[in-house]
2 protein chains.
Amino acid sequence: MESRCENCIVRQFNSLRAMSKEELKKVSDAKVFKKVKKGEPLFEEGQKLDGVFCVRDGVSKLSKLSTNGKDQVVKLATKGAVIGQRSVIAGEHTNLSAVAVNDMEICFVPKENILNTLQKNPEYAVEVLRHMAHDLKEADDVIVNMSQKTVKQRIAEAFLYLQQNFGVDKEGFLALTLSREDISSVVGTATESCIRIISEFKKKGYLETSGKRIKIADEKGLQELVQGF
Amino acid sequence: MESRCENCIVRQFNSLRAMSKEELKKVSDAKVFKKVKKGEPLFEEGQKLDGVFCVRDGVSKLSKLSTNGKDQVVKLATKGAVIGQRSVIAGEHTNLSAVAVNDMEICFVPKENILNTLQKNPEYAVEVLRHMAHDLKEADDVIVNMSQKTVKQRIAEAFLYLQQNFGVDKEGFLALTLSREDISSVVGTATESCIRIISEFKKKGYLETSGKRIKIADEKGLQELVQGF
DNA sequence: GCTAAAACCTGACAAAAATCATATTCCTTC
DNA sequence: GAAGGAATATGATTTTTGTCAGGTTTTAGC
């Protein structure tokens with residue numbers, strides 16, 4: 001296993017690529033490699049973070065507890081994502097909790113490395129800014145979808161998103177398998193409604209299932225549904 | 001009217017306060033003061049912006065058109081806000097359109113000023129980053145509210161938000177008067193539903209109205225409703 | 001102050017989604 | 001491979017919300 005940040009491919013996908021060689025070296029010396037098992041938390045909502053997590057492998061769901069007691073997944077973070085950046089930069093407690101959706105490999109990077117580099121390396125600051133700007137745009141899109149689309153459309157969209165971002169296995173099933181309950185809290189609906197709609201999609205030939213694994217059978221059909229036909 | 005950025009109080013509320021004197025001077029020389037009448041657009045969704053808008057007075061709604069043809073207001077920008085920062089920094093077309101909710105006074109600042117300063121002044125970059133981090137957190141909260149709260153709760157919350165952020169006039173009415181339709185597109189609901197719920201709130205003594213003007217009569221009641229009682 | 005247009009309001013109905021209850025299947029663990 | 005628990009599935013019902021269709025009031029412009 002390659003253990004130096006300088007040679008880590010994952011870095012290409014995130015803001016760390018804008019760091020200088022020396023800065024990266026410091027990060028690499030300070031970082032702590034960690035394995036997190038499926039279902040285990042990286043951190044809880046309201047916690048103060050001492051650094052950020054760079055995802056080497058696996059997927060984490062970032063969610064927030066609503067006053068009605070239900071969890072809402074705000075984002076899925078996968079290979080290359082840097083988790084906790086927002087709170088570390090703002091110097092605030094986290095507004096989200098992070099839980100591993102499958103087995104993960106992550107590197108913890110102390111906040112000093114991040115904050116120092118931000119102050120000294122404008123290239124890096126601007127790169128982080130670009131990433132954050134992108135996240136903000138995505139968040140705007142989610143807001144519009146949540147408020148203007150039906151549950152059926154949002155579920156269809158979720159499957160297309162999963163296929164696009166995590167791909168499929170050899171048999172064509174979605175590579176990232178989420179429980180129906182997780183899908184519900186991504187989409188923001190009751191678990192029963194989610195299951196019901198998945199059944200409906202099966203009957204209509206949009207999806208095929210095998211246990212909890214799901215395969216998209218009619219991508220175009222789903223896309224049309226999202227657009228509102 | 002004070003026309004130099006260096007002396008503009010509005011600047012205290014936004015990221016421009018982290019600029020140096022010389023940088024600010026350049027901004028001041030380059031900026032263009034503008035008045036925008038109620039209902040007029042600052043820019044449209046999908047447009048490429050040549051700079052950002054600093055709000056001196058008035059309020060603008062930032063909204064996005066959904067595929068179902070309805071507008072969703074994502075944010076209300078008021079005195080001190082800098083509009084268009086996200087797209088200018090990401091170098092992308094705007095994902096939102098901006099329309100004046102009441103008469104506005106704004107300063108247009110060319111993007112070169114912003115981008116140059118970002119590259120040269122880390123203090124400024126970090127300050128912008130902090131603001132963007134804050135916006136991102138707010139967006140997360142909106143996502144959770146949209147998906148987990150009822151329309152009734154969201155409307156109650158909207159009024160509390162309006163009172164908190166824009167205050168009340170001498171008679172106690174909300175200082176920012178939005179049409180029922182605008183409220184609907186903030187909350188993400190049908191105009192009729194919005195009107196119906198406002199009527200209900202009146203009957204229950206939470207609100208009082210006079211024409212389109214609205215006064216919060218029972219703040220605590222509204223708060224409890226938002227919490228889910 | 002008059003008038004037209006826009007905004008607001010209300011009722012009746014339909015559709016969407018949540019909730020509650022109860023099967024059934026799947027998957028782990030012994 | 002059997003037992004038990006968790007996840008998935010489905011039915012019945014209620015609640016919430018949207019839509020359509022008509023009213024009334026307010027507001028802006030002359």
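Heavy-atom basis, side chains included; hydrogens, waters and symmetry copies ignored. Protein chains get the first letters and strands the later ones, always in sequence-line order, with residue 1 at the start of each. This structure is a prediction, so every number in the text was calculated from the model and none was measured.
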[atom1] of [X] to [atom2] of [Y]: how many Å apart, nearest 0.5 Å?
X	Y	atom1	atom2	answer
B:E181	B:T191	CD	OG1	5.0 Å
A:S193	A:K152	OG	NZ	10.5 Å
B:I214	B:T177	CD1	OG1	8.0 Å
A:K137	B:K64	NZ	NZ	7.5 Å
A:L207	A:E200	CG	CD	10.5 Å
B:Q163	B:L174	CD	CG	6.0 Å

Apply ring pair (Phe, Tyr, Trp, His ring centres under 6.0 Å) to B:F201 and B:F159, showing your working.
CA-CA 11 Å; B:F201 283 178; B:F159 284 123; 7.2 Å; no
Does anything in residues 216-228 of chain A come within less than 4.0 Å of DNA chain D? Heavy atoms only, and list the residues if so.
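Output list: empty, so none.
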Near DNA chain D, under 4.0 Å by heavy atom, which residues of residues 141-157 of chain A?
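Contacts with DNA chain D under 4.0 Å: none.
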Do the side chains of [X] and [Y] get close enough for a salt bridge, i.e. N-O under 4.0 angstrom?
X	Y	answer
B:E192	B:R196	no
A:D169	A:R213	yes
B:K61	B:D182	yes

B:V10 backbone acceptor or donor facing B:R56 side chain under 3.5 Å:
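Such a contact is absent between B:R56 side chain and B:V10 backbone.
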A:S199 side-chain proximity, nearest of C:dC9, D:dT10, C:dA17
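Of the options given, the side chain of A:S199 lies nearest D:dT10.
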Protein proximity profile, nucleotides 20-30 of chain C - base contact B, sugar-phosphate-only contact S, no contact -, cut-off 4.0 Å on heavy atoms
B----------
Students should find that the end-to-end axis angle of the helix from C:dG1-D:dC30 to C:dC30-D:dG1, with five pairs defining each axis and rounding to 10 degrees, is 60°
Counting only pairs under 3.5 Å, give me each side-chain donor-acceptor contact of residues 71-83 of chain A, with atom names and distances, residues two or more places apart or in other chains.
from	atom 1	to	atom 2	distance (Å)
A:D71	OD2	A:S63	OG	2.9
A:Q72	OE1	B:S147	OG	2.9
A:Q72	OE1	B:Q148	NE2	2.9
A:Q72	NE2	A:S185	O	3.2
A:Q72	NE2	A:V186	O	3.1

Test applied, side-chain contact (heavy atoms from CB on, under 4.5 Å); reference residue, B:S15; option that passes from B:V128, B:I114, B:V52:
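Checked B:V128, B:I114, B:V52 against B:S15; only one passes side-chain contact (heavy atoms from CB on, under 4.5 Å): B:V128.
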Got a sec? Which of residues 168-190 of chain A come in under 4.0 Å of DNA chain C, heavy atoms?
A:T189, A:A190
